[in-house]
Amino acid sequence: MNIFRFAGDMTHLISILVLLLKIYATKSCSGISLKTQELYALVFLTRYLDLFTDFISVYNTIMKLVFIASSLAVVCCMRMHRVVRRSYDKDLDTFRHYFLILASFVLALLVNEKFTFQEIFWAFSIYLEALAILPQLVLLQRSGNVDNLTGQYVFFLGAYRAFYILNWIYRYFTEQHFSRWIACVSGLVQTVLYADFFYYYFISWKNNAKMQLPA
Amino acid sequence: TEAVRKHDEL
(Lines give C-alpha, C1' and ligand atoms only; values in the text may rest on other atoms or scores of the structure.)
Protein backbone atom coordinates (compact mmCIF):
# COMPACT_ATOMS: atom_id res chain seq x y z
CA MET A 1 0.00 0.00 0.00
CA ASN A 2 1.32 3.45 -0.88
CA ILE A 3 0.06 6.95 -0.27
CA PHE A 4 -1.21 7.35 -3.84
CA ARG A 5 -3.32 4.22 -3.66
CA PHE A 6 -4.61 5.09 -0.19
CA ALA A 7 -5.50 8.60 -1.39
CA GLY A 8 -7.24 7.02 -4.38
CA ASP A 9 -9.27 4.66 -2.23
CA MET A 10 -10.25 7.46 0.16
CA THR A 11 -11.24 9.70 -2.77
CA HIS A 12 -13.33 6.86 -4.14
CA LEU A 13 -14.95 6.39 -0.74
CA ILE A 14 -15.66 10.13 -0.53
CA SER A 15 -17.35 10.06 -3.94
CA ILE A 16 -19.64 7.28 -2.70
CA LEU A 17 -20.40 9.14 0.54
CA VAL A 18 -21.21 12.33 -1.43
CA LEU A 19 -23.55 10.33 -3.67
CA LEU A 20 -25.29 8.76 -0.67
CA LEU A 21 -25.50 12.19 0.99
CA LYS A 22 -27.06 13.69 -2.12
CA ILE A 23 -29.69 10.97 -2.39
CA TYR A 24 -30.58 10.71 1.31
CA ALA A 25 -30.31 14.42 2.13
CA THR A 26 -32.23 15.71 -0.86
CA LYS A 27 -34.42 12.57 -1.25
CA SER A 28 -33.74 13.05 -4.93
CA CYS A 29 -31.61 11.36 -7.54
CA SER A 30 -32.05 14.01 -10.22
CA GLY A 31 -28.90 14.33 -12.27
CA ILE A 32 -27.76 10.84 -11.29
CA SER A 33 -27.62 8.18 -13.99
CA LEU A 34 -29.12 4.89 -12.82
CA LYS A 35 -27.31 3.17 -15.70
CA THR A 36 -23.92 4.31 -14.42
CA GLN A 37 -24.87 3.08 -10.94
CA GLU A 38 -25.87 -0.31 -12.37
CA LEU A 39 -22.61 -0.53 -14.31
CA TYR A 40 -20.63 0.25 -11.15
CA ALA A 41 -22.49 -2.42 -9.19
CA LEU A 42 -21.58 -4.87 -11.96
CA VAL A 43 -17.95 -3.68 -11.89
CA PHE A 44 -17.61 -4.38 -8.17
CA LEU A 45 -19.48 -7.70 -8.28
CA THR A 46 -17.29 -9.03 -11.11
CA ARG A 47 -14.03 -7.58 -9.77
CA TYR A 48 -14.35 -8.89 -6.24
CA LEU A 49 -15.15 -12.52 -7.06
CA ASP A 50 -12.07 -13.36 -4.99
CA LEU A 51 -13.59 -11.68 -1.95
CA PHE A 52 -13.91 -14.96 -0.06
CA THR A 53 -11.11 -16.91 -1.70
CA ASP A 54 -8.15 -14.52 -1.58
CA PHE A 55 -7.59 -12.71 1.69
CA ILE A 56 -5.33 -9.71 1.09
CA SER A 57 -5.91 -7.62 4.23
CA VAL A 58 -8.70 -6.52 6.55
CA TYR A 59 -8.66 -3.12 4.87
CA ASN A 60 -8.99 -4.70 1.42
CA THR A 61 -11.89 -6.92 2.46
CA ILE A 62 -13.78 -4.17 4.26
CA MET A 63 -13.40 -1.73 1.35
CA LYS A 64 -14.63 -4.37 -1.11
CA LEU A 65 -17.70 -4.99 1.03
CA VAL A 66 -18.35 -1.24 1.33
CA PHE A 67 -18.09 -0.73 -2.43
CA ILE A 68 -20.37 -3.66 -3.24
CA ALA A 69 -22.93 -2.78 -0.58
CA SER A 70 -23.05 0.94 -1.40
CA SER A 71 -23.37 0.46 -5.16
CA LEU A 72 -26.19 -2.07 -4.69
CA ALA A 73 -27.86 0.21 -2.14
CA VAL A 74 -27.87 3.13 -4.59
CA VAL A 75 -29.28 1.00 -7.41
CA CYS A 76 -32.01 -0.44 -5.17
CA CYS A 77 -32.82 2.99 -3.75
CA MET A 78 -33.11 4.57 -7.21
CA ARG A 79 -35.30 1.69 -8.40
CA MET A 80 -37.46 1.01 -5.37
CA HIS A 81 -37.64 4.03 -3.09
CA ARG A 82 -41.03 5.57 -3.89
CA VAL A 83 -39.86 9.16 -3.27
CA VAL A 84 -36.37 8.96 -4.76
CA ARG A 85 -37.31 7.10 -7.90
CA ARG A 86 -39.84 9.80 -8.87
CA SER A 87 -36.92 12.24 -9.32
CA TYR A 88 -35.01 9.92 -11.64
CA ASP A 89 -34.43 11.58 -15.06
CA LYS A 90 -35.72 8.52 -16.90
CA ASP A 91 -36.09 10.27 -20.26
CA LEU A 92 -32.59 11.77 -20.09
CA ASP A 93 -30.80 8.62 -18.95
CA THR A 94 -31.13 6.78 -22.24
CA PHE A 95 -27.54 5.73 -22.93
CA ARG A 96 -27.53 2.17 -24.33
CA HIS A 97 -25.25 0.84 -21.60
CA TYR A 98 -25.75 -2.78 -22.67
CA PHE A 99 -23.32 -2.08 -25.50
CA LEU A 100 -20.71 -1.06 -22.93
CA ILE A 101 -21.22 -4.37 -21.10
CA LEU A 102 -20.97 -6.38 -24.31
CA ALA A 103 -17.90 -4.50 -25.60
CA SER A 104 -16.11 -4.89 -22.26
CA PHE A 105 -16.89 -8.60 -22.09
CA VAL A 106 -15.71 -9.29 -25.64
CA LEU A 107 -12.52 -7.33 -24.98
CA ALA A 108 -12.01 -9.24 -21.72
CA LEU A 109 -12.24 -12.53 -23.61
CA LEU A 110 -9.57 -11.32 -26.03
CA VAL A 111 -7.29 -9.39 -23.69
CA ASN A 112 -6.77 -10.74 -20.19
CA GLU A 113 -3.94 -11.77 -17.90
CA LYS A 114 -4.94 -15.45 -17.94
CA PHE A 115 -7.83 -17.21 -19.64
CA THR A 116 -9.54 -18.23 -16.41
CA PHE A 117 -13.04 -17.44 -15.17
CA GLN A 118 -11.79 -15.08 -12.47
CA GLU A 119 -9.22 -13.27 -14.65
CA ILE A 120 -11.66 -12.77 -17.51
CA PHE A 121 -14.22 -11.24 -15.14
CA TRP A 122 -11.48 -9.15 -13.52
CA ALA A 123 -10.43 -7.72 -16.92
CA PHE A 124 -14.13 -7.25 -17.77
CA SER A 125 -14.61 -5.18 -14.60
CA ILE A 126 -11.53 -3.08 -15.40
CA TYR A 127 -12.72 -2.28 -18.94
CA LEU A 128 -16.30 -1.70 -17.82
CA GLU A 129 -15.24 0.71 -15.10
CA ALA A 130 -13.41 2.83 -17.66
CA LEU A 131 -16.67 3.22 -19.62
CA ALA A 132 -19.17 3.19 -16.76
CA ILE A 133 -19.16 6.97 -16.33
CA LEU A 134 -20.35 7.61 -19.91
CA PRO A 135 -24.12 7.44 -19.18
CA GLN A 136 -23.59 9.83 -16.26
CA LEU A 137 -21.58 12.33 -18.35
CA VAL A 138 -24.17 12.16 -21.16
CA LEU A 139 -26.97 12.73 -18.64
CA LEU A 140 -25.20 15.80 -17.22
CA GLN A 141 -24.60 17.11 -20.74
CA ARG A 142 -28.32 16.77 -21.50
CA SER A 143 -29.57 18.21 -18.25
CA GLY A 144 -27.20 21.20 -18.63
CA ASN A 145 -26.97 22.34 -15.07
CA VAL A 146 -25.12 20.24 -12.50
CA ASP A 147 -26.07 20.52 -8.86
CA ASN A 148 -23.19 20.83 -6.42
CA LEU A 149 -23.35 17.39 -4.85
CA THR A 150 -23.64 15.64 -8.21
CA GLY A 151 -20.70 17.68 -9.53
CA GLN A 152 -18.61 16.77 -6.49
CA TYR A 153 -19.61 13.13 -6.82
CA VAL A 154 -18.39 12.95 -10.43
CA PHE A 155 -15.29 14.96 -9.64
CA PHE A 156 -14.14 12.64 -6.83
CA LEU A 157 -15.06 9.59 -8.90
CA GLY A 158 -12.78 10.83 -11.67
CA ALA A 159 -10.01 11.94 -9.32
CA TYR A 160 -9.68 8.54 -7.60
CA ARG A 161 -8.45 6.81 -10.76
CA ALA A 162 -5.98 9.64 -11.36
CA PHE A 163 -4.45 8.81 -7.96
CA TYR A 164 -4.30 5.16 -9.02
CA ILE A 165 -2.27 6.16 -12.09
CA LEU A 166 0.27 7.78 -9.73
CA ASN A 167 0.15 4.57 -7.67
CA TRP A 168 0.97 2.44 -10.75
CA ILE A 169 3.86 4.75 -11.69
CA TYR A 170 5.17 4.54 -8.12
CA ARG A 171 4.87 0.75 -8.03
CA TYR A 172 6.50 0.44 -11.44
CA PHE A 173 9.60 2.18 -10.12
CA THR A 174 9.66 0.52 -6.71
CA GLU A 175 8.69 -3.08 -7.41
CA GLN A 176 10.33 -5.66 -9.67
CA HIS A 177 8.12 -7.37 -12.23
CA PHE A 178 5.30 -4.92 -11.57
CA SER A 179 3.13 -4.94 -14.62
CA ARG A 180 -0.50 -3.91 -14.45
CA TRP A 181 -0.73 -2.69 -18.02
CA ILE A 182 -4.41 -3.77 -18.40
CA ALA A 183 -5.39 -1.64 -15.39
CA CYS A 184 -2.99 1.17 -16.40
CA VAL A 185 -4.22 1.59 -19.97
CA SER A 186 -7.84 1.26 -18.88
CA GLY A 187 -7.30 3.67 -15.99
CA LEU A 188 -5.76 6.22 -18.38
CA VAL A 189 -8.75 5.94 -20.75
CA GLN A 190 -11.08 6.28 -17.75
CA THR A 191 -9.38 9.43 -16.49
CA VAL A 192 -9.20 11.01 -19.97
CA LEU A 193 -12.97 10.54 -20.35
CA TYR A 194 -13.39 12.94 -17.42
CA ALA A 195 -11.10 15.54 -18.98
CA ASP A 196 -13.79 17.86 -20.30
CA PHE A 197 -15.83 17.48 -17.11
CA PHE A 198 -12.77 18.45 -15.04
CA TYR A 199 -12.27 21.45 -17.31
CA TYR A 200 -15.82 22.79 -16.82
CA TYR A 201 -15.70 21.88 -13.12
CA PHE A 202 -12.51 23.93 -12.73
CA ILE A 203 -14.01 26.85 -14.68
CA SER A 204 -17.11 26.88 -12.46
CA TRP A 205 -14.94 26.65 -9.35
CA LYS A 206 -12.67 29.52 -10.56
CA ASN A 207 -15.62 31.77 -11.40
CA ASN A 208 -17.40 30.59 -8.29
CA ALA A 209 -20.36 30.04 -10.58
CA LYS A 210 -22.82 27.20 -10.96
CA MET A 211 -21.37 24.48 -13.13
CA GLN A 212 -22.70 24.63 -16.70
CA LEU A 213 -21.95 22.00 -19.32
CA PRO A 214 -22.37 23.26 -22.92
CA ALA A 215 -25.48 21.74 -24.45
CA THR B 1 5.46 -21.12 -13.22
CA GLU B 2 3.77 -17.81 -13.56
CA ALA B 3 1.53 -17.99 -10.49
CA VAL B 4 -1.54 -15.90 -11.17
CA ARG B 5 -0.72 -12.86 -9.14
CA LYS B 6 -3.37 -11.83 -6.65
CA HIS B 7 -5.09 -8.57 -7.43
CA ASP B 8 -4.15 -6.67 -4.32
CA GLU B 9 -5.72 -3.41 -5.50
CA LEU B 10 -9.34 -2.42 -5.18
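Because only heavy atoms are used, hydrogens play no part in the values below, and waters and symmetry mates are left out as well, while side chains stay in. Protein chains get the first letters and strands the later ones, always in sequence-line order, with residue 1 at the start of each.
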F155(A) and its ring pair (Phe, Tyr, Trp, His ring centres under 6.0 Å) partner, picked from Y201(A), Y160(A), Y200(A): Y201(A)

Tell me, side chain or backbone of D50(A) under 4.5 Å from chain B's heavy atoms, or both, or neither? side chain

Taking N112(A) for its side chain and L109(A) for its backbone only, find out whether a donor-acceptor pair lies under 3.5 Å. yes

Within the structure provided, determine whether L140(A) and M211(A) are in side-chain contact (heavy-atom separation under 4.5 Å). no

Can you tell me which portion of F44(A) sits under 4.5 Å from chain B's heavy atoms? Options are side chain, backbone, both or neither. neither

Output the option from K64(A), R5(A), H12(A), M63(A) having the highest count of non-hydrogen pairs under 4.5 Å with chain B. R5(A)

Taking Y127(A) for its side chain and V111(A) for its backbone only, find out whether a donor-acceptor pair lies under 3.5 Å. yes

